[in-house]
Amino acid sequence: MPSVPRFRGPFRTDERARGAYAEAAGIYRILPRAVSLPADLDDLLTLVRWAAEERVPLVPRGAGSGMGGGNLGEGVIVDLTGMAGPALTVEPQQRRARMRAGASLGELEAAATPHGLRLPPDPSSWRWATAGGVVSTNAAGARSVRYGSVRQWVESLTLVTADGDVTTLRRGGHHLPTCPPAPLPAALVRFEREAGPAIRAAGPAIASHFPRTRKSSSGYALDAYLRSGDSLDLIIGAEGTLGLVAEVDWRLDPVPPHQAALRILLRDYRTIEELATRLVELGAASVELLDRTFLELVAAHSSEHPTGGSIAGIEAVLLIELEAPDPEQLRDVSSAAVGIARPLALDVDAALSPEGTARLWRLRHAASPILAGLPPGRRSLQVIEDGCVPVARLGDYIEAIRRAASARELAVVIFGHAGDGNVHVNLLPELARAGWEREVAELLEEVTETVIRLGGVPSGEHGDGRLRAGFLERVYGSEIVSLFQRVKASFDPLGIMNPGIILPSGEPPISRLKAGATATPLPADIARALREIEQSGGYARSRLEIADSEQRIADSG
């Protein structure tokens with residue numbers, strides 16, 4: 001590979017650095033061609049212009065906690081976490097925050113909380129997930145049932161295009177006027193000439209073909225673009241395929257001063273649909289689902305019982321979070337929620353204090369350490385982990401997952417965001433069993449077909465990545481996918497920005513796995529360190545530090 005001229009940040013092609021970046025959250029292990037950590041915006045521009053000249057693919061990456069494989073590839077990894085400059089600034093009077101793409105939501109919370117502010121969408125990976133990563137996947141979380149995904153909280157983005165231009169995309173227009181006026185970046189000129197008119201002309205087809213789910217991180221957001229007229233909305237959720245996000249401006253919201261929680265035990269998971277719908281209408285901030293498979297896992301591996309008693313007869317648990325500006329209103333909304341739930345529930349447990357709320361919500365996080373600590377012969381794999389269906393079809397979807405998994409004797413753990421119809425599934429295949437990869441591929445195929453039949457999307461909040469890209473033509477149809485291709489060609493005519501993501505490369509989704517006999521070999525200490533990150537949720541750890549510190553330990557030994 002030719003060297004990168006004038007690149008001041010680390011640029012590594014050695015085996016250890018490449019190995020340290022070969023995995024992320026999710027199922028894949030793919031060795032990149034090289035690893036780069038731009039020192040600042042000028043460094044990033046140098047890298048992009050070099051990549052365009054050399055026709056080298058770039059794979060943007062933050063903490064590496066994305067599950068769909070959009071942060072892995074055979075090109076040059078662009079780790080944005082080391083860029084210089086202030087990580088973030090908060091403007092409390094304007095309720096705004098500006099962040100570098102590589103700064104984390106955990107850093108944002110620490111800076112905003114003293115001002116009584118927050119970014120309402122709360123991905124479970126918020127402690128380490130970076131601003132660029134959550135924007136690029138249109139991430140969401142438990143509170144998104146009330147506050148939506150990150151899309152509506154983004155005020156502006158600084159974008160580095162595939163041409164090596166820098167532009168600021170803002171709500172209400174492409175970019176701010178400059179003095180003297182700057183020309184429109186080439187990517188936006190091409191878009192307005194080639195893709196924009198075609199999208200606007202296809203408005204009726206987009207309206208009829210885009211699934212009517214409460215949230216979506218699948219495909220390019222042509223529907224959001226038509227509503228707003230802002231090209232900003234195409235970049236959000238594009239997973240770095242249309243350019244590299246360098247900075248994000250957020251709109252913030254006051255932290256509600258009073259919160260309550262409910263734990264609802266259900267004997268029939270079919271009642272989830274009615275309960276979730278009515279609780280969302282009431283204004284619940286979160287409506288979370290823990291399926292029987294989740295309860296069984298916790299009961300079998302934890303000394304703390306998942307529901308405080310026997311789980312016999314319990315098909316699901318709903319965890320509800322309620323918020324209000326004053327105690328009286330909180331009591332009223334809590335009473336109304338209990339009144340909705342009690343006729344359909346085996347039991348309802350309510351908590352109005354912060355301590356009681358934390359007690360009820362501990363169950364939501366109980367499975368993570370268990371899944372991470374499975375014995376070597378069984379691995380938790382996130383394969384059908386982000387399907388989103390209309391809430392009225394949630395029961396059908398859960399039943400289909402259970403049935404398809406049972407037919408292949410594949411253990412699953414099901415949980416998710418019931419209020420949005422968004423279900424996460426962890427598969428637990430026995431790696432010593434011959435043909436498990438084929439069974440997993442068949443399960444992905446069958447369950448994805450079910451998602452489509454029920455009017456859903458393969459990804460509600462994690463992005464398509466490479467895992468779900470091959471299914472999008474079945475979801476949207478060829479006319480809409482041809483518009484996706486026009487958008488991609490407008491912004492990235494050379495195809496160097498994260499190829500194979502959203503628009504597929506033709507490679508089977510169940511391939512190049514991090515688990516199993518066919519996994520690409522890595523240095524033993526690197527593989528061990530990456531497994532520790534996966535098990536502990538240590539995604540904030542520097543991968544170059546892994547490559548270098550482990551080598552120093554080996555050398556000193």
Side-chain angles (χ1 to χ4, degrees), residues 10 12 14-32 35 37 59 61-73 77 79-82 102 104-107 123-130 133 297-298 301-302 364-383 385 411 413 424 426-432 462 465 467 512-557:
R12 300 273 294 271
D14 58 285
E15 178 189 23
R16 294 187 62 80
R18 294 165 59 222
Y21 281 85
E23 291 185 10
I27 65 175
Y28 296 109
R29 178 183 290 175
I30 302 172
L31 275 174
V35 172
L37 284 84
V59 182
R61 176 163 167 149
S65 57
M67 294 184 182
N71 44 18
L72 297 170
I77 296 289
D79 184 338
L80 296 169
T81 60
S104 72
L105 296 193
E107 293 174 272
S124 61
S125 58
W126 64 270
R127 292 173 184 82
W128 52 77
T130 62
L297 178 80
V298 174
H301 294 87
S302 174
R364 175 65 172 81
H365 308 291
S368 295
I370 297 171
L371 292 169
L374 290 171
R378 190 181 286 272
R379 191 75 172 265
S380 175
L381 296 179
Q382 297 81 24
V383 177
E385 51 84 29
V413 176
H424 303 316
N426 285 60
L427 302 185
L428 310 179
E430 297 177 49
L431 303 186
H462 294 164
L467 177 60
R512 297 203 278 185
L513 304 180
K514 64 169 65 169
T518 61
T520 298
L522 297 178
D525 59 309
I526 297 285
R528 184 170 58 250
L530 294 178
R531 181 70 172 129
E532 289 170 359
I533 287 174
E534 183 180 302
Q535 291 177 319
S536 65
Y539 290 99
R541 186 177 178 187
S542 164
R543 305 312 192 273
L544 278 192
E545 179 184 303
I546 289 172
D548 294 339
S549 65
E550 299 287 343
Q551 182 66 60
R552 285 195 295 270
I553 292 171
D555 291 343
S556 65

| field | Backbone N/O of Gly26 and side chain of Lys514: donor-acceptor pair under 3.5 Å | value | yes

| So do Ile30 and Thr520 actually touch side chain to side chain, heavy atoms under 4.5 Å? | no

| Results of ring pair (Phe, Tyr, Trp, His ring centres under 6.0 Å) for Trp128 - residues two or more places apart only | Tyr539

| query | Run the side-chain contact (heavy atoms from CB on, under 4.5 Å) check on Gln382 and Asn426 step by step: do they pass? | reply | CA-CA 5 Å; Gln382 297 81 24; Asn426 285 60; 3.4 Å; yes

| request: With sequence neighbours left out, write down each residue that passes side chain to side chain donor-acceptor pair (under 3.5 Å) with Tyr28, or none if nothing qualifies. | output: none

| request: Indicate the atoms forming the closest heavy-atom contact of Ala519 with Arg29, along with that distance. | output: CB-NH1, 3.9 Å

| said: Test side-chain contact (heavy atoms from CB on, under 4.5 Å) on His424 and Met67; report intermediate values, then the result. | reply: CA-CA 11 Å; His424 303 316; Met67 294 184 182; over 6 Å; no

| message | Is any side-chain heavy atom of Pro123 closer than 4.5 Å to one of Leu105? | response | yes

| field | Nearest heavy-atom neighbours spanning Val383 and Leu467 | value | O-CD2, 3.3 Å

| query | Glu385: what forms a side chain to side chain donor-acceptor pair (under 3.5 Å) with it, not counting sequence neighbours? | reply | His462, Arg468

| Taking every non-hydrogen atom, the tightest pair across Pro523 and Arg16 | CB-NH1, 4.0 Å

| query | Any donor-acceptor pair under 3.5 Å linking the side chain of Gln535 with the backbone of Ala372? | reply | yes

| message | Quick check for you: to the nearest 0.5 Å, what is the distance between Ser542 atom OG and Leu37 atom CG? | response | 7.0 Å

| query | Looking only at heavy atoms, which two atoms of Ile546 and Ala529 are closest? And how far apart? | reply | CG2-CB, 3.6 Å

| query | Roughly how far, to the nearest 0.5 Å, is CD of Glu23 from CG of Leu530? | reply | 5.0 Å

| Do Leu371 and Leu428 come within less than 4.5 Å of each other through their side chains, counting heavy atoms only? | yes

| task | Would you give the length of the straight line joining atom CZ of Arg531 to atom CG of Leu522, rounded to the nearest 0.5 angstrom? | result | 13.5 Å

| Could you give the distance from CG (Asp525) to OG (Ser549), rounded to the nearest 0.5 Å? | 8.5 Å

| message | Within this structure, what is the CD1-CZ distance for the pair Ile77 and Arg18, rounded to the nearest 0.5 Å? | response | 11.0 Å

| note | Closest non-hydrogen contact found for Asn71 with Ser65 is ND2-N, 4.1 Å

| task | Might you work through the salt bridge (Lys or Arg N to Asp or Glu O under 4.0 Å) test for Asp14 and Arg12, ending with a clear yes or no? | result | CA-CA 6 Å; Asp14 58 285; Arg12 300 273 294 271; 2.6 Å; yes

| query | What residues, two or more places apart in sequence or in another chain, satisfy salt bridge (Lys or Arg N to Asp or Glu O under 4.0 Å) together with Arg364? | reply | Glu288

| message | Once side chain to side chain donor-acceptor pair (under 3.5 Å) is applied, do any residues pair with Arg512, and if so which ones, sequence neighbours excluded? | response | Glu74, Glu507

| field | Nearest heavy atoms of Ala24 and Gly66, plus distance in Å | value | CB-O, 4.2 Å

| Side-chain heavy atoms of Leu544 within contact of Asp79, under 4.5 Å | no

| said: Give me each pair satisfying salt bridge (Lys or Arg N to Asp or Glu O under 4.0 Å) with a member in residues 371-381, each pair once, sequence neighbours excluded. | reply: Arg378-Glu430, Arg379-Glu534

